[in-house]
Amino acid sequence: MKSSHIALICIVMISLFALRRDAGTVSKIEHPSCIHTECTIYSLHQDCWCCNKLIDRYKSVCWREKDTPSAKDLCFAFCPKDLIFLLFLFLFSIRFCHHPSPNSIKKESMELQVRLRQLIIFFFLFLTVLEHASSSRILRIAKPDRHDIAASARWLVSQNIWGVLSTLSIEHDGAPFGNVVSYSDGLPGKGKGIPYFYLTMLDPTTRNALKDSRASFAISESPVGTCKRDPMDPTCSKLTLTGKLLQLDEGSEEEKVAKKALFTKHPEMMDWPEGHEFSVFKLEIMNIFLINWYGGAKSITVDEYLRYKETKVASFL
């Protein structure tokens, strides 16, 4: 067998071993997605869990342990594996496995060497695209059948990260006031369908809700990326949840769960100024308006919506 063939076999075997994942464990030669490190260069202790990137390590997203007791869990839930590490493993395997003798080098055809170089370039591009895809979204669940109304509504809420929250303005005689806000309905794969928000008292939306809790929240399939048509097209799902925007009690169990869900989906929220008096709110749903195909709004009760449980297999691609 030619030495170049041996090299290719080594490359494939080591790369496949690196990609292997056991249930709940990580291969020892995989690059960990999170590291326990200092929050700043001036820190004396390892007090942060950070996304571990081979490139721009000091710009990684971090969770401070003193502010977030569940910092480690949040880090591993949010941070994708640094797949570029596999490229270095791939290149190392070439150097490690491929030690041809001078005679064999002369015998190798130029065509095979060119193919080997092409394989390296392809592998690099593949890992780059894969890493970008895995870091652009925390979780993606297959879009459900449009006839399953409850599943469609819950899918749309779980996969989105922002929408338009409307309240009744106290500054404009009760006129509707729409505001773009980030939200989360739970940890990846564990959403309950209830939108939670992290709102500041400086925002008119918050002041409006504290005066009159009536509100609606509208989201579209368009930001998810599964709809390529105009957002108003009936086949591009859209959902409006109407109800009461309520502030959660500080320190309550629900507030802790909501914060964990929000900070997992939107980690930069943890660094928002404390002086702006951010609080967690939720939308207590009273009515659901869904369009996911032709024929007008679909009929779905709040009970049907909340009782639905996601059973689809989720992936990070």
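Nothing fancy with the numbering, it's 1 onward along the sequence.
Residues satisfying the salt bridge (charged side-chain N to carboxylate O under 4.0 Å, His left out) criterion with Lys282, sequence neighbours excluded, are Glu254. Partners of Glu284 under the side chain to side chain contact (heavy atoms under 4.5 Å, CB included) rule, at least two apart in sequence or in another chain, are Lys244, Leu246. Considering only residues two or more places apart in sequence or on other chains, Ser184 meets the side chain to side chain contact (heavy atoms under 4.5 Å, CB included) condition with Ala261, Leu262, Lys265. In this structure, the salt bridge (charged side-chain N to carboxylate O under 4.0 Å, His left out) partners of Arg229, at least two apart in sequence or on a different chain, are Asp233. Applying the side chain to side chain contact (heavy atoms under 4.5 Å, CB included) test to Asp148 and every residue at least two apart in sequence or in another chain returns Ala150, Ala151, Tyr308. Residues meeting the salt bridge (charged side-chain N to carboxylate O under 4.0 Å, His left out) test with Asp173, sequence neighbours left out: none. Listed by chain and residue number, Arg207 satisfy the salt bridge (charged side-chain N to carboxylate O under 4.0 Å, His left out) test with Glu171 (two or more places apart in sequence, or in another chain). In this structure, the side chain to side chain contact (heavy atoms under 4.5 Å, CB included) partners of Thr242, at least two apart in sequence or on a different chain, are Ser216, Thr240, Asn287.
Within the 4.5 Å cutoff, no side-chain heavy atoms of Ser166 are placed close to those of Phe177. Inter-residue side-chain proximity for Thr235 and Asn292 is flagged as unmet; no heavy-atom pair is nearer than 4.5 Å. Under the 4.5 Å side-chain criterion, counting only non-hydrogen atoms from C-beta, Phe281 is in contact with Thr206. Taking the side chain as every heavy atom from C-beta outward, Ser182 and Ile161 never approach each other to under 4.5 Å. Side-chain contact between Ser220 and Pro231 is present, with at least one heavy-atom pair separated by less than 4.5 Å. Put simply, the side chain of Leu156 does not reach to within 4.5 Å of the side chain of Lys238, judged on heavy atoms. Here the side chains of Cys236 and Asp230 are not in contact, with every heavy-atom distance at 4.5 Å or above. Within the 4.5 Å cutoff, side-chain heavy atoms of Val280 are placed close to those of Lys259.
Smallest separation of non-hydrogen atoms from Leu248 and Ala258: CD1-CB, 4.1 Å.
For the atom pair OG (Ser213) and CG (Leu168), the distance works out to 9.5 Å, reported to the nearest 0.5 Å. The CD1 atom of Ile35 lies 10.0 Å from the SG atom of Cys48; values are rounded to the nearest 0.5 Å. Rounding to the nearest 0.5 Å places NE2 of His147 at 8.0 Å from CD1 of Ile149. Here the OG atom belonging to Ser237 is positioned 8.5 Å from the NZ atom belonging to Lys298, to the nearest 0.5 angstrom.
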Subject >> Working for side chain to side chain contact (heavy atoms under 4.5 Å, CB included), residues Leu202 and Glu277 >> reply: CA-CA 8 Å; Leu202 303 179; Glu277 301 180 39; over 6 Å; no
Original post:
Should Leu283 and Ile194 be marked as a side chain to side chain contact (heavy atoms under 4.5 Å, CB included) after you check the CA-CA gap, both sets of side-chain angles, and the distance that decides it?
Top reply: CA-CA 7 Å; Leu283 186 67; Ile194 299 174; 5.6 Å; no
**OP:** Would you check, one step at a time, whether the test side chain to side chain contact (heavy atoms under 4.5 Å, CB included) holds for Glu255 with Glu250?
**Re:** CA-CA 6 Å; Glu255 194 224 24; Glu250 187 174 358; 4.0 Å; yes
Original post:
Do Leu290 and Tyr305 pass the side chain to side chain contact (heavy atoms under 4.5 Å, CB included) test, and can you show the C-alpha distance, the side-chain angles, and the key distance before you say yes or no?
Top reply: CA-CA 11 Å; Leu290 172 70; Tyr305 171 83; over 6 Å; no
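Membership of the apolar cluster around Ile291 extends to Phe289, as traced through chained side-chain contacts below 4.5 Å between ILVMFWY residues. Residue Trp293 is found in a hydrophobic cluster whose other members, listed by chain and number, are Tyr294; membership requires side-chain heavy atoms under 4.5 Å apart, directly or through intermediates.
Linking ILVMFWY side-chain heavy atoms closer than 4.5 Å, directly or via other members, places Ile219 and Ile285 in a single hydrophobic cluster. Leu245 and Val181 fall within a single hydrophobic cluster, where Ile, Leu, Val, Met, Phe, Trp and Tyr are joined by side-chain heavy atoms under 4.5 Å apart, directly or via other members. Hydrophobic clustering, with ILVMFWY side chains joined whenever heavy atoms are under 4.5 angstrom apart, keeps Leu241 apart from Met286.
Donor-acceptor pairing under 3.5 Å is recorded for the side chains of Asn208 and Thr167. Side-chain polar atoms of Asn179 and Thr205 form a donor-acceptor pair below 3.5 angstrom.
At distances below 3.5 Å, at least one donor-acceptor pair connects side-chain atoms of Lys228 with backbone N or O atoms of Gly225. Using a distance-only test at 3.5 Å, with no hydrogens or angles considered, a donor-acceptor pair links the side chain of Thr200 to the main chain of His276. Gln159 contributes no side-chain N or O that, together with a main-chain N or O of Trp155, makes up a donor-acceptor pair within less than 3.5 Å. Thr264 places a side-chain N or O within 3.5 Å of a backbone atom of Lys260 that can act as its donor or acceptor partner.
Every pair passing ring pair (Phe, Tyr, Trp, His ring centres under 6.0 Å) that includes a residue from residues 178-201 is listed here, sequence neighbours excluded: Tyr183-Phe217, Phe197-Phe217, Tyr198-Phe263, Tyr198-Phe278. Pairs of residues two or more places apart, or lying in two chains, that qualify as salt bridge (charged side-chain N to carboxylate O under 4.0 Å, His left out) and include a residue from residues 213-227 are Lys143-Glu221, Asp212-Arg214.
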